[in-house]
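Before any comments, here is the structure.
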Number of protein chains: 2
Amino acid sequence: MRVASPDIDRVFAAFADHTRRDIVRRAISGKEGVLELASHYPMSFAAVQKHVAVLERAGLITKQRVGRRKVVRTNMDRLFVARRLLDQYEEVWRARIDRINELIAERPGTIGTKEPDR
Amino acid sequence: MRVASPDIDRVFAAFADHTRRDIVRRAISGKEGVLELASHYPMSFAAVQKHVAVLERAGLITKQRVGRRKVVRTNMDRLFVARRLLDQYEEVWRARIDRINELIAERPGTIGTKEPDR
DNA sequence: AACTGATGCAACCATACAGTTGTATCAACG
DNA sequence: CGTTGATACAACTGTATGGTTGCATCAGTT
């Protein structure tokens, strides 16, 4: 699944707030409406609703009508997209470590050899 | 390793920009100075320097004097902290799925049983 | 000590976010 | 079909981001 860079931007920006991270966590259960969510936080309902809107724009949650509420549910796929991106950094890092180990294996006894700092 | 919420905020905020994500990727190698990094992007040196400052405040990179440059290096530990946090959401999610499966196993034949929407 | 490569920082502009209060929409229920 | 529970949106404030240009600092090199 290809995700454009501005989308990724929005996902990480959405995570850059403690309240929003908590909303994502709560919405994994997919049981609460916006008003119920708002009751957990020391701010106005409108503020929480704006947080929900940010999360929705980032694709991290969806809303569905149930009765007269709109139930908020976390979109796990989007969460996995973000995690996958962080994984890629680790892959690059591990590849580099492996490469260093190869070099050490190929040319033993050269540790500490002085090279100019350019 | 305990990381305070404002720190987490800064880490994710730092990731919410394509240029900064690319700087983190490049700095895994830990070879380039700020000026060299800046040469890769279509913006002023000062702009890149500010991005580097944001990453540094987030603890995602460190700088070290080498010759007359300051070499930028990614702090993989911080990266892992962010990934670990995303992992936790997945853990919550999987725990919930497991719980659902348990319920299905315990009470077979109740799928589709109508419950009021509260 | 002077030069200069490399980085840091301040001031400024436009845009976006986090919060507030107030008003408007909208659909379920009696 | 009117009431009301629940959500959405608009306007405003303070603060942060992302970019610019210009100047200041700091440490190698000569």
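We name chains A, B, ... by the order of the sequence lines, and we start the count at 1 in each one. Owing to the predicted nature of the structure, the values given are computational and were not obtained by experimental measurement.
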What integer distance in Å separates [X]:[atom1] from [N]:[atom2]?
X       : N      : atom1 : atom2 : value
B:Glu36 : C:dA6  : CD    : P     : 8 Å
B:Glu56 : C:dG8  : CD    : C1'   : 11 Å
B:Gln64 : D:dA27 : CD    : P     : 15 Å
A:Phe12 : D:dT17 : CZ    : P     : 17 Å

Q.
Treating primed atoms plus P, OP1 and OP2 as sugar-phosphate and everything else as base, which nucleotides of nucleotides 16-28 of chain C get B, S or - for protein heavy atoms under 4.0 Å?
A. --BBBB-----SB
How far does [atom1] of [X] sit from [atom2] of [Y], to the nearest 0.5 angstrom?
X       : Y       : atom1 : atom2 : result
B:Arg10 : B:Arg57 : CZ    : CZ    : 8.0 Å
A:Asp77 : A:Leu60 : CG    : CG    : 11.0 Å
B:Ile28 : A:Ile97 : CD1   : CD1   : 10.0 Å
B:Arg69 : B:Lys31 : CZ    : NZ    : 11.0 Å

Q: Just say parallel, tilted or perpendicular for the rings of B:Phe80 and A:Trp93, cut-offs at 30° and 60°.
A: perpendicular
Q) Within less than 4.0 Å of OP1 or OP2 of D:dA8, is there a side-chain N or O belonging to A:Lys70? A) yes
Q) Is the phosphate of C:dG8, meaning OP1 or OP2, less than 4.0 Å from a side-chain N or O of B:Gln49? A)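 Answer yes for this pair, as a side-chain N or O of B:Gln49 is under 4.0 Å from OP1 or OP2.
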Q: Give a yes or no on whether a salt bridge exists between A:Asp98 and A:Arg94, defined as a side-chain N under 4.0 angstrom from a carboxylate O.
A: no
Q: Represent DNA chain D in dot-bracket notation, 5' to 3'. Only Watson-Crick or G-U wobble pairs with both distances under 3.5 Å count; pseudoknot-style crossings use [ ] and interstrand partners use |.
A: ||||||||||||||||||||||||||||||
(Q) Quick check on the hydrophobic clustering: are A:Ile8 and B:Tyr41 connected, directly or via other members, by side-chain heavy-atom contacts under 4.5 Å? (A)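 Yes, it is one cluster - the side chains of A:Ile8 and B:Tyr41 are joined through contacts under 4.5 Å.
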Q: Keeping the roles fixed (side chain from A:Tyr89, backbone from B:Arg21), state whether a donor-acceptor pair exists under 3.5 Å.
A: yes
Q) What nucleotide, of D:dA8, C:dA6, D:dA6, holds the atom closest to the side chain of A:Leu35? A) D:dA6
